[in-house]
Peer 1: 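Next up is a structure, given as structure tokens.
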Amino acid sequence: MKLFRAAIAAAVWTLTAALAPPAPTLVGRPAPDFEVTLIDGSKVTLASLRGQVVVLNFWATWCVPCRTELPLLDGYYRQTRKHGLRVFAIATEDSVPAFRMKPLFAALAITPAKRIKGRYPLIDGAVPTNYVIDRAGVVRYAKAAALDLDDLNATLIPLLKEAPPA
């Protein structure tokens, strides 16, 4: 009986996901406002980051591609933050509790966050999902896939070379 219920639930979820409208594309549009709550409880808003290139990385502790991407993002951030890059690693609700990730967070240079308020859905419900916002506050990248070094260079270097808005 449990197996039957699980099969029905999986079928309903698949059907619901197939019928759900796709997330509207944000690329090329002004970034929706957001408020990120950091692990220490402080908050950061999109308005406070104007003039910087922002990466919103949604990840989960159980996600294998995320566990590869997170150290890469961290190393990349360490090398480029002086040029105006900010990276927020936002753990999804189905990750282990934040207090269990303290050793990881202590080792990261990127900013770990526990939640975000704003219209930044997981694309296709998948992690990792990444959004990149340019210095002028326009979404320039939005994908459900792990970033690799080529993606980071192709996406971020041109944006970091742009002058901050007046």
Peer 1: Does anything in residues 122-166 pair up under disulfide bond (SG atoms under 2.5 Å apart), and if so which pairs, sequence neighbours excluded?
Peer 2: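 Counting only pairs at least two positions apart or across chains, no disulfide bond (SG atoms under 2.5 Å apart) contact touches residues 122-166.
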
Peer 1: Only counting residues at least two apart or in another chain, list the ones meeting side chain to side chain donor-acceptor pair (under 3.5 Å) with Thr111.
Peer 2: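 Here the qualifying residues are Arg86.
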
Peer 1: Any side-chain to backbone donor/acceptor pair from Arg50 onto Leu46? Under 3.5 Å, distance only.
Peer 2: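 No, because the side chain of Arg50 does not come within donor-acceptor range (under 3.5 Å) of the backbone of Leu46.
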
Peer 1: Which pairs, with at least one residue in residues 58-94 and sequence neighbours excluded, count as a disulfide bond (SG atoms under 2.5 Å apart)?
Peer 2: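 Listed once each, the pairs are Cys63-Cys66.
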
Peer 1: Would you say the side-chain atoms of Thr129 pair up with the backbone N or O of Phe58, donor to acceptor, closer than 3.5 Å?
Peer 2: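 Judged by distance alone, no pair lies under 3.5 Å.
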
Peer 1: Could you tell me the separation between the CZ atom of Arg115 and the OG1 atom of Thr92, rounded to the nearest 0.5 Å?
Peer 2: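 Nearest 0.5 Å value for the CZ-OG1 distance: 14.0 Å.
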
Peer 1: Test your reading of the model: is there a side-chain donor-acceptor pair from Arg135 to the backbone of Ala163, 3.5 Å cut-off?
Peer 2: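 No, because the side chain of Arg135 does not come within donor-acceptor range (under 3.5 Å) of the backbone of Ala163.
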
Peer 1: Val54 versus Val132: any side-chain heavy-atom pair under 4.5 Å?
Peer 2: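 With C-beta onward as the side chain, the pair stays apart.
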
Peer 1: What are the two closest heavy atoms between Ser48 and Val44, and how far apart are they?
Peer 2: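 Looking at all heavy atoms of both residues, the closest pair is OG-CG1, 3.6 Å.
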
Peer 1: Can you name the residues that form a side chain to side chain donor-acceptor pair (under 3.5 Å) with Lys117, not counting sequence neighbours?
Peer 2: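 Result, side chain to side chain donor-acceptor pair (under 3.5 Å) vs Lys117: none returned.
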
Peer 1: Got a sec, which pairs hit side chain to side chain donor-acceptor pair (under 3.5 Å) with one end in residues 64-74, sequence neighbours left out?
Peer 2: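 Passing the test, one end in residues 64-74: Asn57-Glu69, Glu69-Asn130, Asp74-Arg78.
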
Peer 1: Any side-chain donor-acceptor pair under 3.5 Å between Thr37 and Lys43?
Peer 2: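 Short answer, yes.
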
Peer 1: Would you list the atom pairs, donor with acceptor, under 3.5 Å between side chains in residues 141-151 and any protein atom, with sequence neighbours excluded?
Peer 2:
| residue | atom | partner | partner atom | Å |
| --- | --- | --- | --- | --- |
| Asp148 | OD1 | Asp150 | N | 3.1 |
| Asp148 | OD1 | Asp151 | N | 2.8 |
| Asp151 | OD2 | Asp148 | N | 3.1 |

Peer 1: Quick test of your reading: applying disulfide bond (SG atoms under 2.5 Å apart), list the pairs with at least one residue in residues 115-166, sequence neighbours left out, ordered by first then second residue.
Peer 2: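 Residue pairs with at least one partner in residues 115-166: there are none.
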
Peer 1: Please check if Val138 and Leu159 belong to a single hydrophobic cluster, counting links between Ile, Leu, Val, Met, Phe, Trp and Tyr side chain heavy atoms closer than 4.5 Å.
Peer 2: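 No, no single cluster joins them.
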
Peer 1: Under the side chain to side chain contact (heavy atoms under 4.5 Å, CB included) rule, collect the residues that match up with Arg81, sequence neighbours excluded.
Peer 2: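 Only Tyr77, Ala109 meet the side chain to side chain contact (heavy atoms under 4.5 Å, CB included) criterion with Arg81.
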
Peer 1: Supply the atom-to-atom distance Leu156 CG to Thr80 OG1, rounded to the nearest 0.5 angstrom.
Peer 2: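 Interatomic distance, Leu156 CG to Thr80 OG1, rounded to 0.5 Å: 7.0 Å.
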
Peer 1: When you compare the side chain of Pro32 with that of Leu26, does any pair of heavy atoms fall below 4.5 Å?
Peer 2: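 They are in contact (side-chain heavy atoms under 4.5 Å apart), so the answer is yes.
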
Peer 1: Kindly state each residue pair satisfying disulfide bond (SG atoms under 2.5 Å apart) with at least one member in residues 129-158, sequence neighbours excluded.
Peer 2: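 Not a single pair qualifies under disulfide bond (SG atoms under 2.5 Å apart).
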
Peer 1: Test side-chain contact (heavy atoms from CB on, under 4.5 Å) on Ile110 and Phe88; report intermediate values, then the result.
Peer 2: CA-CA 6 Å; Ile110 59 177; Phe88 295 92; over 6 Å; no

Peer 1: Test of understanding: with ring pair (Phe, Tyr, Trp, His ring centres under 6.0 Å), list the residues that count as partners of Tyr120, not counting sequence neighbours.
Peer 2: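 Applying ring pair (Phe, Tyr, Trp, His ring centres under 6.0 Å) to Tyr120 gives Phe34, Tyr131.
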
Peer 1: Answer whether the closest heavy-atom distance between the side chains of Val87 and Leu56 falls below 4.5 Å.
Peer 2: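 Answer no - side chains too far apart.
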
Peer 1: Would you find a donor on one side and an acceptor on the other, under 3.5 Å apart, between the side chain of Asp134 and the backbone of Ala136?
Peer 2: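 Between the backbone of Ala136 and the side chain of Asp134 there is a qualifying donor-acceptor contact (under 3.5 Å).
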
Peer 1: I need the full list of side chain to side chain donor-acceptor pair (under 3.5 Å) pairs touching residues 152-163, with sequence neighbours left out, sorted by first then second residue.
Peer 2: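 Sorted pair list: Tyr76-Asn153, Arg140-Glu162.
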
